[in-house]
Student: 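Provided herewith is a single structure, encoded as structure tokens, for subsequent inquiry.
Along the sequence shown, residues carry numbers from 1.
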Amino acid sequence: MTSFDTTSPQLNVWRALLALAVVFVMLATTGWTAVRSHRGSTALEASLSAWDHGRLHGHRLPGADASPARLTRFFASLTERDRARLAHRYPLAVGNMNGAPVPLRYEANRIALGQARKAELKRMHDPRLTPAGQQDAGRRMHRFTTLLAGDRQILAFDPEGSGRIAEVFGDLPGAARISVVVPGVDTDLLTFEKSYRPYSAPYGMAKSLYAAERTAAPGTRTAVIAWADYTAPSGLGVDAATAMRAEEGAVRLNALLRGLPGRSPVSLFCHSYGSVLCGVGARSLPGRVSDIAVAASPGMRVRKASHLHTSANVWAMRDATDWIQDVPYLELGGLGHGADPVSSAFGARVLSARGAKGHAGYFEPGTDSLTNFAEIGVGAYDSVRCAHDDDGCRADLPAR
């Protein structure tokens, strides 16, 4: 009888492959794989098309897909009255236009949200809809009402399908440091903000990070973007096990980053599947991105941090109770997302997540994870807390 070394690396690999196969067979056969695609962006596409065929004072407008620098120059050449006219005429186009002045995008998106709210109010009482459809319209109407409340700064908004949105905390044009929170699965307009477990939703994550950064460096002008402006996977299905949504999202993330005003350093905080997106987009990031910090990561689609081909510092953390540690860290036939970012072989700077609980507790006030995110966000690398007793995660980094 042939004996096998149950501790051999080869056998461990086969066990992991078998586990991965079992996981995805289960996902594919138990109904967990419902795909929630972003239906054709009819309203946004119509607004963009109208912009591309539009004129101002008899002159054609620059293409909606022009470079952010070109669009910045165009808007700078206009009077305040003409900018406002364009925002009212093409609200969705201007509100999602990288390169348009940030305050103008806020104004345009308030107009677009108001229009979307009126549309959902009508749908709530549309007899052609089922009761479930009317109820869905009611939920969306209430979400749009919430987003219109107060002085909220909506940087991007698309009401179609499951919806996309981005919101800013702080003075983005005047910020000395900018942070972008990139969330994971089950992120859309309706889940953007939650009253129960608020720090597990993009709005709560970004709001918590912004408060922590102001505490960490009261004299530093910071801004935080809650970026849910991509179509995230729905649930733990095949969509979440592949890079398709991440690849689409990475294009959108890089477009945002290249359209941000000023030259301030930017830090990315990527949670769960959001870390897959950040990994896929890493090699195309603009040079102003100084940090990529991932938490609860299923992998970044590479075997080592050096394979991301980025000049940004790569940080990783995972709390001891996070179920993501039980996901097979490998990639096979497009399924799975590669190596474990907190493993020593990966080569990231591993941070403490003490105090965080479960998969979605990293932005809870009072945790090491949030404190570390804030210190990175303000550039205070000398103050971060490493996962291990040594200070290896701070090696070769400049102090603030």
Student: Which pair of non-hydrogen atoms, one from V276 and one from A246, has the smallest distance, and what is that distance?
Tutor: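 Smallest interatomic distance, heavy atoms only, reads CG1-CB, 3.8 Å.
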
Student: For the residue pair R318 / S297, report whether a side-chain donor-acceptor contact shorter than 3.5 Å exists.
Tutor: no

Student: Does some side-chain heavy atom of L56 sit less than 4.5 Å from a side-chain heavy atom of H59?
Tutor: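 No, every pair of side-chain atoms sits at 4.5 Å or beyond.
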
Student: Between Y210 and I165, is there shared hydrophobic-cluster membership here, with clusters defined by ILVMFWY side-chain heavy atoms closer than 4.5 Å?
Tutor: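 Same cluster: Y210 reaches I165 through Ile, Leu, Val, Met, Phe, Trp or Tyr contacts under 4.5 Å.
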
Student: Closest approach of G174 and R221, non-hydrogen atoms and distance?
Tutor: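 In terms of heavy atoms, the two residues are closest at O-NE, 2.6 Å.
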
Student: Determine yes or no for a side-chain-to-main-chain donor-acceptor pair under 3.5 angstrom, with R60 supplying the side chain and D52 the backbone.
Tutor: yes

Student: Do you know which two heavy atoms are closest between F192 and A228, and how far apart they sit?
Tutor: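 Closest approach of F192 to A228: CD1-CB, 3.8 Å.
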
Student: Tell me, with the steps shown, if D136 and L190 meet side chain to side chain contact (heavy atoms under 4.5 Å, CB included).
Tutor: CA-CA 10 Å; D136 178 69; L190 293 180; 4.2 Å; yes

Student: Quiz question: by atom type and distance under 3.5 Å, do the side chains of S352 and D368 form a donor-acceptor pair?
Tutor: yes

Student: Do Y199 and T367 touch side chain to side chain, with heavy atoms closer than 4.5 Å?
Tutor: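 Counting from C-beta outward, Y199 and T367 never come under 4.5 Å.
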
Student: Over 60° means perpendicular and under 30° means parallel, so tell me whether H271 and H359 are parallel, tilted or perpendicular.
Tutor: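 The rings of H271 and H359 sit tilted, inter-plane angle from 30° to 60°.
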
Student: With E120 as reference, evaluate Q134, R143, R140 under the side chain to side chain donor-acceptor pair (under 3.5 Å) test and give the passing residue.
Tutor: R140

Student: Measure from the side-chain N and O atoms of R177 to the backbone N and O of T222, and report whether any donor-acceptor pair falls under 3.5 Å.
Tutor: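 Checking the backbone N and O of T222 against the side chain of R177, no donor-acceptor pair under 3.5 Å is found.
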
Student: Any non-hydrogen side-chain atom of L189 less than 4.5 Å from a side-chain atom of F157?
Tutor: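 Counting from C-beta outward, L189 and F157 do come under 4.5 Å.
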
Student: Would you say V350 ends up clustered with Y362 if hydrophobic residues are merged whenever their side chains have heavy atoms under 4.5 Å apart, either directly or through other cluster members?
Tutor: no

Student: For E248 and R245, run salt bridge (Lys or Arg N to Asp or Glu O under 4.0 Å): C-alpha distance rounded to whole Å, both residues' side-chain angles, the deciding distance at 0.1 Å, then the answer.
Tutor: CA-CA 5 Å; E248 296 168 351; R245 298 297 183 196; 3.4 Å; yes

Student: Does G358 offer a backbone N or O that forms a donor-acceptor pair with the side chain of T321 under 3.5 Å?
Tutor: yes

Student: What are the two closest non-hydrogen atoms of G95 and A108, and how far apart are they?
Tutor: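 The pair with the smallest heavy-atom distance is N-CB, 3.6 Å.
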
Student: Kindly indicate, with the supporting measurements, whether the criterion side-chain hydrogen bond (donor to acceptor under 3.5 Å, both in side chains) is fulfilled by N98 and R105.
Tutor: CA-CA 9 Å; N98 294 308; R105 291 180 68 171; 3.2 Å; yes

Student: Heavy-atom distance under 4.5 Å between the side chains of Y381 and D291, does that happen here?
Tutor: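 A side-chain contact under 4.5 Å exists here.
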
Student: Taking atom CD1 of I225 and atom CG of L209, what is their separation to the nearest 0.5 Å?
Tutor: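 Interatomic distance, I225 CD1 to L209 CG, rounded to 0.5 Å: 11.5 Å.
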
Student: Within the structure provided, determine whether N254 and L285 are in side-chain contact (heavy-atom separation under 4.5 Å).
Tutor: yes

Student: Decide side-chain hydrogen bond (donor to acceptor under 3.5 Å, both in side chains) for R164 and T231; before the verdict, give the C-alpha distance in whole Å, the side-chain angles of both, and the deciding distance to 0.1 Å.
Tutor: CA-CA 7 Å; R164 296 192 284 234; T231 303; 3.2 Å; yes

Student: Do L44 and F144 sit in one hydrophobic cluster, given that two such residues count as connected whenever their side-chain heavy atoms are within less than 4.5 Å of each other, even indirectly?
Tutor: yes

Student: Please name the pair of heavy atoms, one in R85 and one in H57, separated by the smallest distance, quoted to 0.1 Å.
Tutor: NH1-CE1, 3.5 Å

Student: Using side-chain heavy atoms (C-beta onward) and a distance below 4.5 Å, is I292 in contact with C270?
Tutor: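 Result yes, sub-4.5 Å side-chain heavy-atom pair found.
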
Student: Where do F75 and R83 come nearest, in terms of heavy atoms and distance?
Tutor: O-NH1, 3.0 Å

Student: Under the side chain to side chain contact (heavy atoms under 4.5 Å, CB included) criterion, do W227 and L277 qualify, and how do the steps go?
Tutor: CA-CA 12 Å; W227 188 78; L277 190 160; 4.0 Å; yes

Student: Describe, in one word, how the ring planes of F363 and F373 are oriented to each other, choosing from parallel (under 30°), tilted (30 to 60°) and perpendicular (over 60°).
Tutor: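 Ring orientation, 0 to 90° scale: tilted.
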
Student: Charged N to carboxylate O below 4.0 Å: is that the case for E193 and R152?
Tutor: yes

Student: Under a single-linkage definition using a 4.5 Å side-chain heavy-atom cutoff for Ile, Leu, Val, Met, Phe, Trp and Tyr, are L48 and W51 assigned to the same hydrophobic cluster?
Tutor: no

Student: Hey, is CZ on R258 packed in by over 12 heavy atoms from elsewhere, all under 6.0 Å?
Tutor: yes

Student: Do S369 and N372 have a side chain donor and acceptor closer than 3.5 Å?
Tutor: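 The criterion, which ignores hydrogens and geometry beyond distance, is not satisfied for N372 and S369.
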
Student: Can you check side chain to side chain contact (heavy atoms under 4.5 Å, CB included) on V384 and R349, steps first, answer last?
Tutor: CA-CA 10 Å; V384 299; R349 301 175 182 275; over 6 Å; no

Student: Return yes if some donor-acceptor pair links the side-chain N/O of R110 with the main-chain N/O of L148 below 3.5 Å, else return no.
Tutor: yes

Student: Heavy-atom distance under 4.5 Å between the side chains of L257 and L268, does that happen here?
Tutor: yes

Student: Is there a path from L253 to V314 through hydrophobic residues (I, L, V, M, F, W, Y) whose side chains come within less than 4.5 Å of each other?
Tutor: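 L253 clusters together with V314.
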
Student: Side-chain contact test, heavy atoms from C-beta onward, threshold under 4.5 Å: evaluate it for P261 versus L172 and give yes or no.
Tutor: yes

